[in-house]
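Notes follow once the structure below has been shown.
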Number of protein chains: 2
Amino acid sequence: MVSKPTPAVIEAWERLVRTEKTLLDKVEEHLKRAGFPPLEWYHVLHEVDASTKGMVRQTEVQDRTKLAQYNVCRLVDRLEREGLVERHQCQVDGRNNVLVITAKGRALRRAMWPVYAAAIEEHFGARLSQADAEQLAGLMAKLAGT
Amino acid sequence: MVSKPTPAVIEAWERLVRTEKTLLDKVEEHLKRAGFPPLEWYHVLHEVDASTKGMVRQTEVQDRTKLAQYNVCRLVDRLEREGLVERHQCQVDGRNNVLVITAKGRALRRAMWPVYAAAIEEHFGARLSQADAEQLAGLMAKLAGT
DNA sequence: AGAATTTGCTTGCAACTGCATGTTTTCTAT
DNA sequence: ATAGAAAACATGCAGTTGCAAGCAAATTCT
């Protein structure tokens, strides 16, 4: 049986939802002002770039970015069209796509990071102590289970 | 000058973004399964219903939901089309719209709440202690400034 | 007062998302 | 070995969002 949320929980939820949206908007705005594509592009490029030898299965990206399957599919379409990643069929399991980041893709990711990082720091990091950051990470970990 | 985010800050940021998205998806899914409209509808109805005499200026809704202006405009279009709110021109300042919730709108909001609340509790509240919830609210407050 | 600016809201168009479904490849159970 | 189920990806269509531009009421400045 599921009981009702306490007022403190509701309060925390509302703040979480509102604050996170505001932060994302601000970060997106930084990227846009710098002439870069949306945050999701970065996240996908990051996943591909960060994984072994710059290749991942598409489904892996899905899991890690929490994007819907069809959104990853179409986002990869766009990335591919821009020459930022390549899509190959997996040799081992023919159902999978293997994504490979290109030099251009890696360059874009590298160029975006300083802007992204500065935005994170300005709107997020600068307002938190080290302990705060760890606390927040801990709370998110609690929320992320199953 | 803006310095770079520390690893702890980056970690917290990534977890925040990913976890929040996951939670929102889960909550949305609950509403959908119960045959209700999206969360944003609830949020807007909530703002209108919760304010004095069930009316607010549209711009107020914008501020409180953090939705873009054109999104509020079009979301209100849909709510109006469904007979959930009414849009009137403000007597005092002709630029403003005043939103008035209808009986139907109020009823929908009331019907949605138990489902929404249960989802919040299941995926969020149940994983946090009272102290956790307060801590999280506190952290969000720090992040929400200016 | 009259022009210029600001504020609040709307809208055409293009891009993106969600839903439902389809296709192909692999896995499972008999 | 084979039928049935599942996993991974793609896609047509309708609905939603973002951008840029627009309009109208109020405020500010000269």
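Chain letters run A, B, ... following the sequence lines, proteins first and then strands; every chain starts at 1.
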Whole-Å distance separating the CZ atom of A:Arg95 from the C1' atom of D:dA8: 6 Å
Residue A:Cys73, side-chain atoms from C-beta onward, closest of D:dC9, C:dG8, C:dT25: D:dC9
Contact under 4.0 Å: A:Gln69 side-chain N or O vs C:dG18 OP1/OP2: no
B:Leu75 CG - C:dG8 C1' separation (whole Å): 17 Å
Short side-chain N/O contact from B:Asn71 to OP1 or OP2 of D:dT16, under 4.0 Å: no
Phosphate OP1/OP2 of C:dT17: any A:Arg78 side-chain N/O under 4.0 Å: yes
5′-ward residue of the pair B:Gln91/A:Thr59 relative to DNA chain D: A:Thr59
Nearest-nucleotide comparison on DNA chain D, the residue closer to the 5′ end among A:Lys32 and B:Trp41: B:Trp41
Any A:Arg57 side-chain nitrogen or oxygen under 4.0 Å from OP1 or OP2 of D:dC9: no
Out of D:dA25, D:dA8, C:dT17, whichever nucleotide has its closest atom nearest the side chain of A:Tyr70: C:dT17
A:Glu60 with A:Arg57: basic N within carboxylate O range, under 4.0 Å: yes
Worked check of side-chain contact (heavy atoms from CB on, under 4.5 Å) between A:Val100 and A:Val48: CA-CA 7 Å; A:Val100 181; A:Val48 182; 5.8 Å; no
Nucleotide C:dC9, atom P - distance to NE2 of B:His88 in whole Å: 14 Å
Side chain to side chain contact (heavy atoms under 4.5 Å, CB included), paired with A:Val56, selected from A:Val61, A:Asn96, A:Ile101: A:Val61
B:Arg87 side chain near C:dT10 phosphate (N/O to OP1/OP2, under 4.0 Å): yes
Residues B:Trp41, B:Arg109; criterion side-chain contact (heavy atoms from CB on, under 4.5 Å); working and verdict: CA-CA 9 Å; B:Trp41 286 43; B:Arg109 173 176 127 53; over 6 Å; no
Residue-phosphate contact under 4.0 Å: A:Asn97 side-chain N/O, D:dA10 OP1/OP2: yes
Any B:Gln58 side-chain N or O less than 4.0 Å from OP1/OP2 of C:dT10: yes
Ring geometry between A:Tyr42 and A:Tyr116 (parallel below 30°, tilted from 30 to 60°, perpendicular above 60°): perpendicular
